[in-house]
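Naming: A, B, ... by sequence-line order, numbering from 1 per chain.
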Amino acid sequence: MTETPASAPTPREVAKLLANIGVLLELNGADAFRARAFTFAGRALEGVDADLLALARADRLTTLRGIGPGIASVVKEYVLTGRSTIYEELRTATPLGLYDLLRVPGLGPKRIHTLYRELGVDGLDALEAAIDSGAVAALPGFGRKTAAKIAQGIPFARSSRQLRRYPEAMELASRLLDWAVQLEGVLAVEIVGAIRRRMEVVDRIELLASAEHPNAVLDAFQCFQDGSLEDAQGEDEALLTLSDGVFVRFRCVPPASFVAATVWETGSAAHVEALARLASERGASFTRDGLFVRGEPVPLERESDLYERLGLAYVPPELREGLGEVERAAAGPLPPLVERTDLRGTFHCHTTASDGKASLEEMAGAARERGWCYLGIADHSRSASYAGGLSLQEVEQQRRAIERLNRRFAKDERRPFRLFWGIESDILPDGSLDYPDDVLLGFDYVVASVHSSFGMSEEEMTKRMVRAVRHPATTILGHITGRLLLTRAGYSVDVEAVLRAVAEAGVIIEINANPHRLDLDWRDVRRAAELGILIAVNPDAHSVRELDNVAFGVNMARKAGLTPRQVLNTWPLDEVSGYFAKRKRKQGG
DNA sequence: GCCGTTTTCGGCCCGACTGTTTTCAGTCG
């Protein structure tokens with residue numbers, strides 16, 4: 001068996017290890033502050049660009065914030081050997097099912113540990129049985145209502161068990177791709193399936209390879225060190241389950257089939273079905289092995305050739321969801337989708353003034369490094385005490401700081417750049433915003449978001465958000481549903497009613513590009529676009545690195561079929577300034 | 001386990017909410 005190529009773990013991988021240790025410690029009932037120290041260190045490392053290997057060798061890891069002697073030794077072992085004893089020990093001692101329990105709303109590490117220690121509950125099935133038997137309600141500190149609430153959350157946890165959010169799936173897929181590419185005889189490998197379509201959540205990783213001798217490659221692929229083999233479905237594929245439960249499908253075809261198979265495996269099923277139907281209408285046949293006319297394979301150089309042979313304009317992978325894109329591609333070329341490189345700035349960012357990790361200046365510098373011409377700062381408002389929301393005095397301080405920086409930027413005529421001064425104002429339970437109107441109207445723009453009282457009825461919540469949308473100061477409506485992918489369903493709200501109010505009030509909708517949110521959902525963004533609503537791709541960045549969240553938001557904008565013009569971030573600086581100024585004039589008058 | 005102009009011990013973000021208690025623990029944002 002071949003070893004996977006070894007390289008020193010990246011800071012992000014180390015961050016992930018520390019975060020994992022933090023979770024495992026919590027699940028094992030360790031001191032909460034000790035667990036939190038690992039979690040904190042992990043989070044601190046996420047935004048760090050240090051050479052950990054060099055620091056480890058020089059015993060200087062403790063110079064990093066959040067890392068003391070204890071965690072330094074864990075990091076050192078990991079970057080030098082690629083292994084972690086404490087992690088492996090914790091992992092062995094912890095049933096994998098406990099991770100699933102973390103996804104149950106109402107269950108935190110303390111209760112999970114109690115359930116495991118007292119009742120041996122080691123997963124969702126055991127939890128369900130223990131609730132049914134009444135054992136959970138009888139535990140000290142629990143009770144009938146708690147047991148009922150936990151029971152209610154089990155289906156949600158169960159449905160999200162095998163799923164992975166896009167960034168994690170993409171990272172795993174890239175690792176597998178790197179491994180597959182170097183296998184002997186492999187000519188090409190593509191990541192296909194839902195990941196290639198940039199779905200926000202996927203239930204499997206799918207790779208497609210091409211080789212003259214597919215069987216030999218399949219045999220080699222099955223030796224991936226971290227996987228256990230499943231029974232393969234087709235002759236030309238291998239199925240693996242990785243140790244953390246992720247499902248992998250790897251298919252290998254001869255070079256002549258590769259292009260058609262790429263389309264076939266990228267899917268979606270509905271899209272492929274529509275293509276196959278179209279092919280048969282034209283006297284051809286499109287199968288998982290290729291495109292055939294009278295039994296003869298049609299040679300294809302690239303995917304666009306296949307679409308062309310079917311009389312279609314090329315359909316980018318993000319749009320292949322069977323939502324009418326084939327019909328539209330039959331009518332002519334599809335409008336160009338927005339791209340990451342079209343962005344000239346973004347709007348929803350936090351700084352150290354509230355709960356961000358980077359200062360105003362650092363965030364502005366990072367935006368300029370990315371070639372952007374503007375950056376919108378929208379720190380938390382005063383109700384968000386848990387996030388260090390800005391008092392009226394701090395609002396004023398930030399205004400002056402931004403003006404000062406803008407004066408400095410104005411001196412550099414070759415590189416126009418401007419900070420926009422915004423706020424993420426909490427939408428209070430009654431739908432009002434978080435500062436007096438004259439303060440709100442002083443900002444360049446206001447992102448209005450719900451951060452509290454999630455338990456309202458759909459009717460109340462809709463009323464609350466519609467009222468906020470109609471507030472004259474509201475410029476952008478933040479993360480509309482409040483969902484956290486695989487963690488928490490959004491609150492109950494009538495999205496259609498909110499979108500109508502948004503369209504009427506001329507408010508902008510945010511695609512919150514944090515990969516845990518991706519809210520508003522791209523399916524609803526399609527609807528927003530139909531209503532003529534302008535979209536802002538907002539990273540909700542709490543650090544310099546999180547500015548790059550915009551890439552995930554652009555993925556969603558593309559899935560929604562948005563052109564550059566429909567996305568505020570692609571507008572030039574003077575147009576955005578003009579837009580905000582015009583809105584303010586309207587609000588004032 | 002980390003941190004320190006409150007520094008080598010004793011805190012660690014904090015308030016709302018809920019359910020279980022009868023003054024508090026756990027979860028959540």
Rounded [atom1] spacing from [N] to [M] in Å:
N: dC13(B); M: dT27(B); atom1: C1'; answer: 15 Å
N: dT23(B); M: dG29(B); atom1: C1'; answer: 24 Å
N: dT5(B); M: dG1(B); atom1: P; answer: 23 Å
N: dG11(B); M: dA25(B); atom1: P; answer: 16 Å
N: dT8(B); M: dC3(B); atom1: P; answer: 16 Å

Answer yes when [X] and [Y] have at least one side-chain N-carboxylate O distance shorter than 4.0 Å, and no when they do not.
X: R83(A); Y: E77(A); answer: no
X: E171(A); Y: R175(A); answer: no
X: R467(A); Y: D430(A); answer: yes

Spacing between [X] atom [atom1] and [N] atom [atom2], to the nearest angstrom:
X: R36(A); N: dT27(B); atom1: CZ; atom2: P; answer: 12 Å
X: D426(A); N: dG15(B); atom1: CG; atom2: C1'; answer: 13 Å
X: K149(A); N: dG19(B); atom1: NZ; atom2: P; answer: 7 Å
X: R34(A); N: dC3(B); atom1: CZ; atom2: P; answer: 15 Å
X: R382(A); N: dC14(B); atom1: CZ; atom2: C1'; answer: 18 Å
X: E26(A); N: dG26(B); atom1: CD; atom2: P; answer: 12 Å
X: H516(A); N: dG29(B); atom1: NE2; atom2: P; answer: 13 Å
X: H380(A); N: dC14(B); atom1: NE2; atom2: P; answer: 16 Å

Calculate, to the nearest 0.5 Å, the distance between atoms CD and CD1 belonging to E504(A) and I533(A) respectively.
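Going from CD on E504(A) over to CD1 on I533(A), the span is 11.0 Å.
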5′-ward residue of the pair F142(A)/R517(A) relative to DNA chain B
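Closest to the 5' end, via its nearest nucleotide, is F142(A).
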Find which nucleotide of DNA chain B each of A37(A) and F33(A) is nearest to by heavy atoms, and output the residue with the more 5' nucleotide.
A37(A)
Taking side chain to side chain donor-acceptor pair (under 3.5 Å) as the definition, give me every residue that meets it alongside D51(A), ordered by chain and number, with sequence neighbours left out.
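Checked D51(A) against side chain to side chain donor-acceptor pair (under 3.5 Å); zero matches.
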Give the nucleotide from the list [options] with an atom nearest to the side chain of [X].
X: F454(A); options: dG29(B), dC2(B), dT20(B); answer: dG29(B)
X: H451(A); options: dC2(B), dT20(B), dG29(B); answer: dG29(B)
X: R65(A); options: dG19(B), dC2(B), dC3(B); answer: dC3(B)

Any F142(A) side-chain heavy atom under 4.5 Å of L115(A) side chain
yes
Taking the side chain as every heavy atom from C-beta outward, state whether H451(A) and H479(A) have any atom pair closer than 4.5 Å.
yes
Just checking D355(A): base, sugar-phosphate only, or nothing, at a heavy-atom cut-off of under 4.0 Å?
nothing
Under 3.5 Å for both donor-acceptor distances, Watson-Crick or wobble: does dT8(B) have a partner, and if so which one?
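dT8(B) is unpaired by these criteria.
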Under 4.0 angstrom between T146(A) side-chain N/O and dT20(B) OP1 or OP2
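Yes, because at least one side-chain N or O of T146(A) sits under 4.0 Å from OP1 or OP2 of dT20(B).
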Take atom CD of E459(A) as the centre, draw a 6.0 Å sphere, and report whether it contains more than 12 heavy atoms from other residues, nucleotides or ligands.
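Atom CD in E459(A) is not packed in, count stays at 12 or less.
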Specify the residues of residues 99-121 of chain A, ordered by number, for which at least one heavy atom lies under 4.0 angstrom from an atom of DNA chain B.
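Those residues are P105(A), G106(A), L107(A), G108(A), P109(A), K110(A), R111(A).
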